[in-house]
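Worksheet: the structure to be examined is printed underneath.
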Amino acid sequence: MTTEELRTMLCEMRVEDSAHLLLGATLVSPIGSCLITEVEAYGGADDPGSHAYRGITPRTEPMFGPAGHAFIYFTYGNHWMLCITAHDREDAAATLIRAGKPLSGLEEMKSRRAKAKSEHDLLTGPGKLTQALGIDKQYNELDLLNPKNELYILPTKEVIKYPVIDVRVGLAEGKGEHTPWRFLHPDYIQDTSLPRPRI
DNA sequence: CTAGAGATGGGCT
DNA sequence: GCCCATCTCTAGC
């Protein structure tokens with residue numbers, strides 16, 4: 001699959017299928033790269049757990065834009081979250097990158113994550129991953145399917161046939177907390193964030 | 001190992 | 001003012 005073929009698929013697929021497709025892909029930044037081991041899907045007007053649930057705002061605008069671009073937002077006073085926008089229909093959608101396995105730039109990632117107690121702690125969480133890879137608002141809305149950009153994604157060589165599926169993390173009651181839109185790479189289940197998947 | 005709570009600041013109800 | 005798609009530290013097994 002080429003990046004342009006991935007773009008076409010993201011445009012046409014439901015967001016939960018896009019999330020599944022992004023498992024096992026490679027995320028590259030100027031700091032280093034990683035294999036994507038955990039993702040979550042977020043929708044729009046039908047998804048009370050999504051920031052886009054109440055419609056478009058300056059912050060959520062990228063979720064309503066073209067597929068394959070970065071949606072990066074700040075939360076909890078400390079953390080940047082990286083999402084990849086999904087389908088090009090009227091409604092919003094994006095996939096949150098929650099965890100990864102380091103592929104290159106290990107030393108640079110360690111120096112950016114001084115508080116990590118082990119290599120396992122480097123990318124096992126959405127805020128940890130952006131900190132380790134140097135991802136912040138500067139890349140918001142960037143086209144992630146153009147390898148000429150500083151931040152981009154390379155498609156997985158083989159689609160993960162049987163992802164581990166779980167409910168999404170951190171959603172309050174009534175916010176779609178039972179929707180099974182968390183996908184984990186079965187071969188790297190140790191490289192995913194807490195809480196542990198229920199399976 | 002687990003559970004609980006504090007930190008922290010931008011967005012919006 | 002309240003709400004977070006979180007991380008880290010501490011206390012207690």
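Letters A, B, ... mirror the listed sequences (proteins, then strands); counts begin at 1. Everything quoted here is computed from the prediction, not taken from an experiment. The analysis underlying the following values was restricted to heavy atoms, covering all of them including side chains, and did not include hydrogens, waters or symmetry mates.
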Legend entry - Heavy-atom neighbours of A/R14 CZ exceed 12 at 6.0 Å: no

Inset, instruction - Indicate whether OP1 or OP2 belonging to B/dG11 is found under 4.0 Å from a side-chain N or O atom of A/R54. - result: no

Inset, instruction - Check whether any side-chain N or O of A/K175 sits under 4.0 Å from OP1 or OP2 of C/dC3, and answer yes or no. - result: no

Inset, instruction - May I have the distance from A/I56 (atom CD1) to B/dG11 (atom P), rounded to whole angstrom? - result: 15 Å

Legend entry - A/Q190, CD: over 12 other non-hydrogen atoms inside 6.0 angstrom: yes

Legend entry - Nucleotide pairing, DNA chain C (Watson-Crick or G-U, distances under 3.5 Å), in dot-bracket with [ ] and |: ||||.|||||||.

In residues 39-47 of chain A, what donor-acceptor pairs under 3.5 Å come from side-chain atoms, sequence neighbours left out?
from	atom 1	to	atom 2	distance (Å)
A/E40	OE1	A/Y42	OH	2.7
A/E40	OE2	A/V169	N	2.8
A/D47	OD1	A/G49	N	3.0
A/D47	OD1	A/R168	NH1	3.4
A/D47	OD1	A/R168	NH2	3.0
A/D47	OD2	A/G43	N	2.8
A/D47	OD2	A/R168	NH1	2.8

Legend entry - Side-chain heavy atoms of A/K101 within contact of A/C34, under 4.5 Å: no

Report, one pair per line, the protein and nucleotides 8-13 of chain C atoms (nitrogen or oxygen only) whose separation is under 3.5 Å.
from	atom 1	to	atom 2	distance (Å)
C/dT8	OP1	A/R113	NH1	2.7

Identify each donor-acceptor pair in which a side-chain atom of residues 64-80 of chain A lies under 3.5 Å from a protein atom, sequence neighbours left out, and give them as a table.
from	atom 1	to	atom 2	distance (Å)
A/H69	ND1	A/E141	O	3.0

Legend entry - Side-chain ion pair, A/K175 and A/E177, N-O less than 4.0 Å: no

Legend entry - A/R182 CZ - C/dT6 P separation (whole Å): 10 Å

Inset, instruction - Using only heavy-atom distances, determine whether the side chains of A/E150 and A/S29 contain a donor-acceptor pair under 3.5 Å. - result: no

Inset, instruction - Dump the intermediate steps for side chain to side chain donor-acceptor pair (under 3.5 Å) on A/S33 and A/S104, then the final yes or no. - result: CA-CA 5 Å; A/S33 62; A/S104 68; 2.7 Å; yes

Legend entry - Backbone of A/Y188 reached by a side-chain donor or acceptor of A/T192 within 3.5 Å: no

Set out, line by line, the N/O atom pairs under 3.5 Å between protein and nucleotides 3-10 of chain B.
from	atom 1	to	atom 2	distance (Å)
B/dT8	O2	A/Y76	O	2.5
B/dG9	N2	A/Y76	N	3.3
B/dG9	N3	A/G77	N	3.4

Inset, instruction - Kindly say if A/T57 contacts the phosphate of B/dC12, meaning a side-chain N or O under 4.0 Å from OP1 or OP2. - result: yes

Legend entry - With sequence neighbours excluded, residues passing side chain to side chain contact (heavy atoms under 4.5 Å, CB included) with A/M9: A/M1, A/M13, A/L21

